[in-house]
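By convention here, the first residue in the shown sequence is residue 1.
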Amino acid sequence: MIITSRKNQTVMKSRGLLAEKKLREKEGLIAAEGLKLCGEALDAGLKAEYAVISEEAEEKFSDFAERLKGICPVYVVSRDIYFYISGQKTPQGIFLALKLLDKSKNLDRILEKDKILLLDCVQDSGNLGTIIRTAEAFGIGGAILSSDCADPYSPKTLRASMGSVFRLPLWITPRIEDTAAELKEKGYEAYAAMLDDTARRLGEFKFPKKCALAIGNEGHGVRES
């Protein structure tokens, strides 16, 4: 059966998950859209609670549609209804409600690595996703985020990260200053990216084997503390 009503419970829930961080947190779900991003999520081991797919996408991406039908409930909707659900101008017609991975051991996983990223109040979701994607490309072991960073699991961050959010261990800390101090005690050398007359240019020195690099807010940089 093809869903054609905006009042359908699955339609309303899916639209809400894409738009509202509070609902995602309440449900313990991540909302992902698009063939590549949804495939990256499943390949990274995330479990799908359910999928929504448009009529056209079911036909166009038939192999992926069959994959979805083998792992979770799949709801087929009309083209108009999918556009109503989606936050994109030209959606591919694939939506997944994904269960959050257990993050309780992420900090331990991060501290096993030599290179760590500290993100201090990075507030643009696109910037956050791009930084996470770049960090994975450069072999960074994980990222520790201040609690006032953008939501790492928002749809915009997910798209900008191109799936890296699903693979790079992340940890959110209430006081990033304390976290930086703890890292120094554990033998990490700390660096911060900043525009300053006394700053050393990238390329003029070599990072030590064990280090933490802080990147700050788009307008104010890394906080003084």
Checklist entry - Linking I/L/V/M/F/W/Y whenever their side-chain heavy atoms sit closer than 4.5 Å, directly or via other members, would I71 and L100 fall into one cluster? => result yes
Next on the checklist: Tell me the closest heavy-atom pair linking P174 and S147, and the distance in Å.
Outcome noted: O-OG, 3.9 Å
Next on the checklist: Could you report the tightest heavy-atom contact between A193 and L213, atom names first, then the distance?
Outcome noted: N-CD1, 4.2 Å
Item to check | Chi angles and distances behind the side chain to side chain contact (heavy atoms under 4.5 Å, CB included) call for L42, L68 | outcome: CA-CA 10 Å; L42 296 178; L68 292 176; 3.9 Å; yes
Item to check | ILVMFWY network linking L29 to M12, side-chain heavy atoms under 4.5 angstrom | outcome: no
Item to check | More than 12 heavy atoms of other groups within 6.0 Å of E59 CD | outcome: no
Checklist entry - Checking side-chain hydrogen bond (donor to acceptor under 3.5 Å, both in side chains) against S86, which of Q92, R15, E33 comes through? => result E33
Next on the checklist: Does T4 form a side-chain hydrogen bond (donor to acceptor under 3.5 Å, both in side chains) with S78? I'd like the steps, not just the answer.
Outcome noted: CA-CA 6 Å; T4 58; S78 67; over 6 Å; no
Next on the checklist: If you count heavy atoms of other groups shown closer than 6.0 angstrom to NZ of K105, is the number above 12?
Outcome noted: no
Checklist entry - Hey, quick one: are L96 and V74 part of the same hydrophobic cluster, counting side-chain heavy atoms closer than 4.5 Å, chains of contacts allowed? => result yes
Item to check | Backbone N/O of I81 and side chain of R6: donor-acceptor pair under 3.5 Å | outcome: no
Next on the checklist: Any non-hydrogen side-chain atom of F61 less than 4.5 Å from a side-chain atom of S54?
Outcome noted: no
Checklist entry - With a 4.5 Å heavy-atom cut-off, do R24 and L18 have their side chains touching? => result no
Checklist outcome for this item: dist I116:CD1 -> K186:NZ (nearest 0.5 Å) comes out at 9.5 Å
Checklist entry - For the residue pair L168 and A135, what are the closest heavy atoms and their distance? => result CD2-CB, 4.1 Å
Checklist entry - Any side-chain heavy atom of E66 sitting closer than 4.5 Å to one from F64? => result no
Item to check | CZ/F138: more than 12 non-hydrogen atoms of other groups inside 6.0 Å | outcome: no
Next on the checklist: Any heavy-atom pair between the side chains of D178 and T173 that's under 4.5 Å?
Outcome noted: no
Item to check | K69 vs E58, salt bridge (Lys or Arg N to Asp or Glu O under 4.0 Å): CA-CA, chis, key distance, verdict | outcome: CA-CA 11 Å; K69 291 173 184 177; E58 184 183 29; 2.8 Å; yes
Next on the checklist: Are L111 and L117 linked, directly or through intermediate hydrophobic residues, by side-chain heavy-atom contacts shorter than 4.5 Å (ILVMFWY only)?
Outcome noted: no
Checklist entry - So, for A41 and L98, which heavy atoms are closest and what is the spacing to 0.1 Å? => result CB-CD1, 3.6 Å
Checklist entry - More than 12 foreign heavy atoms under 6.0 Å from NZ of K13: is that the case here? => result yes
Checklist entry - Run the ring pair (Phe, Tyr, Trp, His ring centres under 6.0 Å) check on Y153 and F166 step by step: do they pass? => result CA-CA 9 Å; Y153 301 107; F166 303 134; 7.8 Å; no
Checklist entry - Between K184 and Y188, is any pair of side-chain heavy atoms under 4.5 Å apart? => result no
Next on the checklist: Count I, L, V, M, F, W, Y as connected when their side-chain heavy atoms are under 4.5 Å apart, and connections chain through other members. Are L17 and I53 then in the same cluster?
Outcome noted: no
Item to check | Atom pair CD (E177) and OG1 (T179), whose distance is rounded to the nearest 0.5 Å | outcome: 8.5 Å
Item to check | Taking every non-hydrogen atom, the tightest pair across I176 and L145 | outcome: CD1-C, 4.4 Å
Next on the checklist: Hydrogens and angles aside, do S14 and Y50 bring a side-chain donor and acceptor to less than 3.5 Å of each other?
Outcome noted: yes
Next on the checklist: What verdict does the side chain to side chain contact (heavy atoms under 4.5 Å, CB included) test give for V11 and I3, after you've listed the backbone C-alpha separation in whole Å, the side-chain angles of each residue and the deciding distance to 0.1 Å?
Outcome noted: CA-CA 8 Å; V11 169; I3 298 171; 3.8 Å; yes
Item to check | Shortest non-hydrogen contact between M162 and L37, atoms and distance | outcome: C-CD1, 4.3 Å
Checklist entry - Looking at CD1 of I132 and OG of S161, how far apart are the two atoms once the value is rounded to the nearest 0.5 Å? => result 6.5 Å
Checklist entry - Would L183 and L118 count as a side chain to side chain contact (heavy atoms under 4.5 Å, CB included) if you check the C-alpha gap in whole Å, the side-chain angles of each, and the deciding distance to 0.1 Å? => result CA-CA 10 Å; L183 288 173; L118 297 174; 3.8 Å; yes
Checklist entry - Say you draw a straight line from CZ of R223 to CG of D148; how long is it, rounded to the nearest 0.5 Å? => result 4.5 Å
Checklist entry - Does the side chain of E218 come within less than 4.5 Å of Q123's, by heavy atoms? => result yes
Checklist entry - Once you round to the nearest 0.5 Å, how far does SG of C72 lie from CZ of R67? => result 10.5 Å
Checklist entry - Hey, are the side chains of I30 and L46 touching, using non-hydrogen atoms and a 4.5 Å cut-off? => result yes
Next on the checklist: Whether the side chain of N217 engages the backbone of C121 through a donor-acceptor N/O pair (distance < 3.5 Å, no angle test) should be reported.
Outcome noted: yes
Next on the checklist: In this structure, is the centre-to-centre distance between the rings of Y84 and Y82 below 6.0 Å?
Outcome noted: no
Next on the checklist: Nearest 0.5 angstrom please: L170 CG to I110 CD1, how far?
Outcome noted: 6.5 Å
Checklist entry - Of K115, K113, R167, which meets salt bridge (charged side-chain N to carboxylate O under 4.0 Å, His left out) against E136? => result R167
Item to check | Min side-chain heavy-atom separation I2-E55 under 4.5 Å | outcome: yes
Checklist entry - Between I215 and I131, does a side chain to side chain contact (heavy atoms under 4.5 Å, CB included) hold up when you go through it step by step? => result CA-CA 9 Å; I215 296 175; I131 291 170; 4.3 Å; yes
